[in-house]
2 protein chains.
Amino acid sequence: MASADRKQRLKDETRRNILDAAMRIGREEGWQALSMRKIADIIEYTPPVIYEYFANKEALMLELTKVGYRILAKDMKAAREKHRLPEKQLEDMWLTYWNFAFAEKELYQLMFGIEVNCCVWDNSIPEAEVPANMIWEVIGELTGMENPPEDLICKRYYTFWSVVHGLISINLVRQGVPDGMNEEVLKDAIGGIIRSIKPLN
Amino acid sequence: MASADRKQRLKDETRRNILDAAMRIGREEGWQALSMRKIADIIEYTPPVIYEYFANKEALMLELTKVGYRILAKDMKAAREKHRLPEKQLEDMWLTYWNFAFAEKELYQLMFGIEVNCCVWDNSIPEAEVPANMIWEVIGELTGMENPPEDLICKRYYTFWSVVHGLISINLVRQGVPDGMNEEVLKDAIGGIIRSIKPLN
DNA sequence: TATATTTGCCTAACACTGTTAGATAATTTA
DNA sequence: TAAATTATCTAACAGTGTTAGGCAAATATA
């Protein structure tokens with residue numbers, strides 16, 4: 001009966017293997033090449049077994065996007081902890097977001113790709129709120145106000161996010177953005193938004 | 001032998017019908033639901049016929065994105081012609097871009113979706129340059145310079161595009177952006193960039 | 001220990017998908 | 001009218017996500 005533990009461990013391992021295999025295929029061949037049969041091949045089981053761990057392919061991919069958000073959250077937290085001034089924190093956090101998008105290109109596509117995930121964006125990914133909340137916090141601090149108005153923070157948050165995500169999307173879809181352009185656009189934009197938040201002293 | 005004309009007309013019509021059918025399916029059921037067999041059903045032919053008009057499904061969809069760019073170019077041209085001041089032109093052109101994205105949501109996804117079109121972005125869509133060139137022109141005018149430096153225009157162009165496209169993507173993927181937030185973010189951002197281009201007089 | 005039950009896993013199938021080869025029917029040319 | 005060309009279809013291949021049903025091994029019960 002103590003074998004229940006061992007069995008659970010084996011099941012957990014298989015679950016891990018499924019996710020790893022899916023991730024590997026996504027990275028090596030792109031998400032359009034991901035198939036249940038390929039996953040089954042890698043984990044050396046037959047396809048129906050996967051359905052004992054995930055309701056369907058979409059649920060499996062949803063799990064991967066959650067992994068993505070957890071990595072992103074960890075990275076951004078580390079970036080923040082490297083600085084004391086909110087403006088430095090914000091700058092580094094968005095740069096980290098940028099770097100994540102390219103270091104984990106496939107994960108990023110899964111997390112924000114228009115096609116893949118279309119309608120699963122109700123609140124089925126609580127992990128998505130962690131990075132967002134961090135940014136909100138720092139924007140609030142940067143205003144220097146006691147009780148910064150919610151809608152100001154919200155507006156600045158979306159401005160940040162739009163310009164960074166937009167630039168990333170453009171780069172992921174269309175290669176051939178002139179060299180050095182990205183850094184300049186990014187730094188200019190982030191700097192500009194930060195200036196518009198920071199109180200004049 | 002004069003029937004050659006008539007035959008050509010019929011072929012053209014079938015080609016149109018194929019594109020229309022594909023567009024209809026994309027709009028009504030989304031692009032992931034688009035299949036050659038469904039198109040064939042609508043045009044009342046068998047699937048292989050489609051391959052006499054398009055090399056494959058991807059080529060068919062590429063044609064649709066070109067249609068998208070042509071509509072976008074027309075809209076933006078009209079927006080520009082409504083104003084004389086470059087700053088007004090720019091503002092209206094980007095607002096038009098914004099409106100297009102939501103009025104022709106499916107086309108926009110096809111044109112800029114990360115998943116759908118991944119690797120066909122070499123220069124196989126010359127139509128894509130028309131809207132871009134228009135914006136470049138107006139930014140150049142707005143600087144008030146005789147020979148505005150290329151890289152400044154380029155930088156501003158990408159800043160515009162990033163923030164607008166980013167905000168659109170976010171809205172298309174994640175619904176539930178707070179009401180009125182979009183307009184504010186958009187106008188603030190566009191206004192800010194325009195100010196950074198316009199010479200201080 | 002022998003029987004019953006649950007579990008793990010597989011085979012086989014269904015209904016789709018994009019795409020192609022080859023046969024057939026219709027039309028045009030000689 | 002016969003030959004050649006063109007238009008269209010049928011049937012298939014190899015792949016997809018997913019599910020029903022069965023077999024065999026491991027476990028629980030008597």
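Each chain gets a letter, A, B and so on, in the order the sequences are listed, and its residues count up from 1.
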- Between D/dT6 (P) and B/Y53 (OH): distance, integer Å: 14 Å

- Query: Just how far, in rounded Å, is C1' of C/dC10 from CD of A/E44?
  - Reply: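 One finds 15 Å between C1' of C/dC10 and CD of A/E44, rounded.
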
- Given C/dA21, D/dA7, C/dC10, the nucleotide with the shortest approach to the side chain of B/P48: C/dA21

- Item | Nearest-nucleotide pick for B/K57, side chain only, options being C/dC10, D/dG17, C/dG18 |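 Among the listed nucleotides, the one closest to the side chain of B/K57 is C/dG18.
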
So [X], base contact, sugar-phosphate only, or nothing? Heavy-atom distance under 4.0 Å.
{"X": "B/L34", "result": "sugar-phosphate"}
{"X": "A/T46", "result": "base"}
{"X": "B/Y45", "result": "sugar-phosphate"}

- With distance as the sole criterion, is a donor-acceptor pair present between the side chains of A/E137 and A/N133 under 3.5 Å?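 Per modelled atom types, A/E137 and A/N133 side chains form no pair under 3.5 Å.
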
- Message: When you compare the side chains of B/H165 and B/Y158, does any donor N or O come within less than 3.5 Å of an acceptor on the partner?
- Response: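 No.
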
Tabulate protein N/O versus nucleotide N/O from nucleotides 13-15 of chain C, keeping only pairs under 3.5 Å, one per line.
unit_1, atom_1, unit_2, atom_2, d
C/dA13, N6, A/R37, NH2, 3.4

- Contacts of B/E52 and A/A33 projected onto DNA chain D by closest heavy atom; the upstream (5') one is B/E52

- Task: Examine A/Y108 together with A/Y97 and report whether their ring centres are nearer than 6.0 Å.
- Result: yes

